[in-house]
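Below is one structure, written out as structure tokens; comments come after it.
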Amino acid sequence: MRDLIKPILTLCLFLRAFSADAQDLKITTKLETSVPSQTSFVVGEPIRLIVEIDHPPGSVALVPEALPLPSAIAERTEERKHVRTALDTLERDSYVIQLLAFETGTFTIPSFEISFSSTVAKTKPLELQINSDLTEQEQMIASSTLAQAIAELEKMAAPNPSALDILVDDYTPIYVLGGLILLAFLFFLTRWFIQKYKTRRIAEELSAPPPPPRPAHLIALERLEHLRTSEFLAQKNFKSYFVELSEIIRSYLGQRYGFDSVELTVLELLGVLRGLRTPGLDLGHLEKILNEADFVKFAKYTPTDVEAHTAINSAFELVERTAKKEEELDVSVQ
């Protein structure tokens, strides 16, 4: 009983340290033009939506990946930026979101949720007026459908050339018939090869026992080595790098301890592992790796090369420390 009390108290302290009241979040949103000399929002010109969240230290305030925007406004998701700033007693997560408007008029950006640990708060709606930089005459011509304008355009167009009849032999029916015969021949030939291949595979499967499943740690180590030598780091594609790293670790833990781990959150995954016998597994070390990966995936945090190499080295160490021993593998195969 005493052995259970200490982990429970530790979990309670952890959840309390990372919980926050929505009143502790100070959210500021504003709209700016991307051109300093421009005083209004124009169709086709980037619009910057700036979101600043001041909060207690210890976690990252997250903005939804897809914002509830009007149909006439879209986000350039590849241009979204996130910056973390340390204040006196708080931390500030700043997001710069680039928008593009496709129509003129007055639009409202609805409120959207800000997630901070277990707290959810909402921004205030923002109203903006979208104008066009076309002159009055250009705008009138661009939107005109008058018959007079169409007549003037027809006068400017060149006259249609007179039709010239050219008679040639039409071999289309012969080509179609030949194509159908060829397709039928290929169809039956393909079916014959597929049936022969299936028959041979069934005979081989019945005659030979299936190979034993590969140990989970060998699969994980191979995937980690492939990730280490991939082009993600050279191309500074940290998001894809950490997404793959998180998926390798989660898949390995699920195969190693026998549960579906890929779709679980970090807290859910840790909760399952605490209820299992996991010799050699440092849950604090695991939590640090997965939280760092989530910061990169969802908060668009940009790590350094050193942090990226440290993360994959930690993953190698985790797999090697928790890998099944040879005697365990022999028992599972039998």
- Under 4.5 Å between side-chain heavy atoms, chaining through other members, with only Ile, Leu, Val, Met, Phe, Trp and Tyr counted: pull out the rest of the cluster around L189, sorted by chain and number.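 L182, F185, L186, W192, F193, which link up through side-chain heavy atoms under 4.5 Å apart, make up the rest of the cluster.
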- Hydrophobic cluster of I181, others only, ordered by chain and residue number, side-chain cut-off 4.5 Å: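 The other cluster members (ILVMFWY side chains, heavy atoms under 4.5 Å, direct or chained) are L177.
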What I want to find out is whether [X] reaches [Y] closely enough, with some N-O distance under 4.0 Å, to be called a salt bridge.
X    : Y    : result
R48  : E79  : no
E78  : R80  : no
R321 : D282 : no

Just by distance, do the side chain of [X] and the backbone of [Y] share a donor-acceptor pair under 3.5 Å?
X    : Y    : result
S240 : N237 : no
T278 : L281 : no
T199 : Q195 : yes
R92  : R84  : no
D93  : A61  : yes
E292 : I289 : no

Reported [atom1]-to-[atom2] distance for the pair [X] and [Y], which is rounded to 0.5 angstrom:
X    : Y    : atom1 : atom2 : result
R228 : L221 : CZ    : CG    : 10.0 Å
Q129 : T104 : CD    : OG1   : 8.0 Å
H217 : L318 : NE2   : CG    : 13.0 Å
R76  : Q98  : CZ    : CD    : 4.5 Å

Strictly by modelled atom types, are [X] and [Y] linked by a side-chain donor-acceptor pair under 3.5 Å?
X    : Y    : value
Y241 : S230 : no
E247 : S251 : yes
N313 : T310 : no

- In this structure, are over 12 heavy atoms from other groups packed under 6.0 Å from R214 atom CZ?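 Atom CZ in R214 is crowded, with more than 12 foreign heavy atoms closer than 6.0 Å.
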- Message: For A308 versus F238, what's the shortest heavy-atom pair and its separation?
- Response: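 Residues A308 and F238, closest heavy atoms: CB-CE2, 4.2 Å.
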- Query: Nearest heavy-atom pair of P57 and T89: which atoms, and what distance?
  - Reply: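 Closest pair (atom of P57, atom of T89, distance): CD-O, 3.6 Å.
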- Geometric class of the H82/Y95 ring pair [parallel <30°, tilted 30-60°, perpendicular >60°]: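 Y95 vs H82 ring planes: tilted.
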- Task: Before giving the answer on side chain to side chain contact (heavy atoms under 4.5 Å, CB included), spell out for R250 and Q255 the whole-Å C-alpha distance, their side-chain angles and the decisive distance to 0.1 Å.
- Result: CA-CA 9 Å; R250 291 171 180 271; Q255 296 174 10; over 6 Å; no
- Item | side chain to side chain contact (heavy atoms under 4.5 Å, CB included) between I47 and T33, worked out | CA-CA 5 Å; I47 302 169; T33 60; over 6 Å; no
